[in-house]
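Okay, so here's the structure we're looking at.
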Amino acid sequence: MSTVCLKPEKESYSESEAALALGISVDRLHMLLDQNIFADGSLKPQRMYFRPTDLVMLEFWHNTSDNPKIIRMPNPGRVG
């Protein structure tokens, strides 16, 4: 069950709004993006906006990043 409270009329969220909605810091948001989106070495845009569906995935990654019961697929672009 998702714990993110989203405003139904809101179509996009800035980085700071997304972090606030997720209850995490902007640094944690950047870490999740680096681990799950930009791990292949692609460059992160200067400004990012997120849709409500993006926040659902970010919340999943945040809640499962340290869960040993979740088996993650190997990422060939990630070192270590």
Side-chain angles (χ1 to χ4, degrees):
M1 180 186 306
S2 179
T3 59
V4 176
C5 291
L6 303 176
K7 296 180 181 179
E9 70 279 0
K10 197 153 179 66
E11 291 184 21
S12 67
Y13 294 79
S14 67
E15 290 181 39
S16 58
E17 291 172 326
L20 183 64
L22 293 165
I24 62 175
S25 67
V26 173
D27 286 339
R28 172 72 175 159
L29 174 66
H30 288 168
M31 187 189 79
L32 293 170
L33 292 168
D34 288 343
Q35 289 177 342
N36 296 286
I37 304 293
F38 302 108
D40 64 353
S42 57
L43 296 176
K44 192 178 343 177
Q46 286 185 340
R47 288 188 182 178
M48 289 181 283
Y49 291 90
F50 304 92
R51 296 172 294 181
T53 52
D54 299 328
L55 299 188
V56 173
M57 281 306 307
L58 287 162
E59 181 185 31
F60 173 79
W61 291 329
H62 171 65
N63 290 331
T64 62
S65 62
D66 297 325
N67 187 340
K69 293 182 181 180
I70 302 293
I71 299 172
R72 295 189 175 269
M73 296 299 294
N75 186 334
R78 190 144 115 209
V79 177

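Computation of the quantities below employed the complete heavy-atom set of this structure, encompassing side-chain atoms and omitting hydrogens, waters and symmetry-equivalent molecules.
- Within the structure, the salt bridge (charged side-chain N to carboxylate O under 4.0 Å, His left out) test picks out the following pairs touching residues 49-58 (sequence neighbours left out): Arg51-Asp54.
- Expressed to the nearest 0.5 Å, how far OH of Tyr13 lies from CG of Leu29 amounts to 13.5 Å.
- Using a 4.5 Å cut-off between side-chain heavy atoms of Ile, Leu, Val, Met, Phe, Trp and Tyr, with links allowed through other members, Val26 and Phe50 fall into different hydrophobic clusters.
- A side-chain donor-acceptor contact under 3.5 Å links Ser42 and Asp40.
- By the side-chain contact (heavy atoms from CB on, under 4.5 Å) test, Ile37 pairs with Leu33, Trp61, sequence neighbours left out.
- For the pair His62 and Arg28, the tightest heavy-atom approach, listed with the atom from each and the gap, is ND1-NE, 3.0 Å.
- Of all heavy-atom pairs between Leu55 and Leu22, the closest is O-CD2, 3.5 Å.
- Met57 and Tyr49 fall into different hydrophobic clusters, where Ile, Leu, Val, Met, Phe, Trp and Tyr side chains are chained together by heavy-atom contacts under 4.5 Å.
- Residues forming a side chain to side chain donor-acceptor pair (under 3.5 Å) with Ser14 (at least two apart in sequence, or on another chain): Ser16, Glu17.
- Annotation: the span from Leu32 atom CG to Glu59 atom CD amounts to 11.0 Å, rounded to 0.5 Å.
- In this structure, NE2 in His30 is found 9.0 Å from CZ in Phe38, a value given to the nearest 0.5 Å.
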